[in-house]
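Working notes, structure below.
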Amino acid sequence: YRCPPAPFERAVLLARHFQRNQIPARITLLDANPPNPGYAKVFNEYFKDQIHYVPHALVRRVDLGARRIVTAAGQRVAQPLDQPGQSRRE
């Protein structure tokens, strides 16, 4: 992205759309960079049910069979590949 805040702004726009339209969806935002304090605060205060923000999450592998994403730190994030209403974190 040419504009570093762009992914965060898009996540907020989508989350707000989900809230307004009562769509039971959740966004998982994997960020390879250190936490962005401004956006982390917004995510936690206003969109805690819509945005799951994971800083320092450099994606190493996408395991389609197990339906999960594995980060460089070994964290396994299952939610992005789940169906709506069936999200979970390992």
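What you see is a predicted model; the values in this text were computed from it and never measured. Values reported hereafter were calculated over all heavy atoms of this structure, with side chains retained and with hydrogens, waters and symmetry mates removed.
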Side-chain donor-acceptor pairs of residues 34-44 under 3.5 Å, sequence neighbours excluded:
unit_1	atom_1	unit_2	atom_2	d
Asn36	OD1	Gly38	N	3.2
Asn36	OD1	Tyr39	N	3.2
Asn44	ND2	Ala40	O	3.2

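- The nearest pair of heavy atoms linking Leu58 to Ala32 is CD1-CB, 3.9 Å.
- For the pair His17/Ile23, a side-chain contact is recorded, criterion being any heavy-atom separation below 4.5 Å from C-beta on.
- When hydrophobic clusters are built by joining Ile, Leu, Val, Met, Phe, Trp and Tyr residues whose side-chain heavy atoms come closer than 4.5 Å, directly or via intermediates, Val70 is not grouped with Val59.
- The side-chain hydrogen bond (donor to acceptor under 3.5 Å, both in side chains) check on Arg60 picks up nothing, with sequence neighbours excluded.
- Rounding to the nearest 0.5 Å places OG1 of Thr28 at 6.5 Å from CZ of Arg26.
- Minimum heavy-atom separation, Ala57 to Thr71: CB-CG2, 3.9 Å.
- Formation of a donor-acceptor pair under 3.5 Å by the Gln50 side chain with backbone atoms of Pro24 is not found in this model.
- Two residues are said to be in side-chain contact when any heavy atoms from C-beta on lie closer than 4.5 Å; Asp31 and Val54 fail this criterion.
- Linking ILVMFWY side-chain heavy atoms closer than 4.5 Å, directly or via other members, places Leu30 and Leu13 in two distinct hydrophobic clusters.
- In this structure, CZ in Arg10 is found 11.5 Å from CG in Leu29, a value given to the nearest 0.5 Å.
- Counting heavy atoms from C-beta outward, Phe18 and Phe47 have side chains that stay 4.5 Å or more apart.
- In plain terms, the two heavy atoms of Ile27 and Ala15 that are nearest each other are CD1-N, 3.7 Å.
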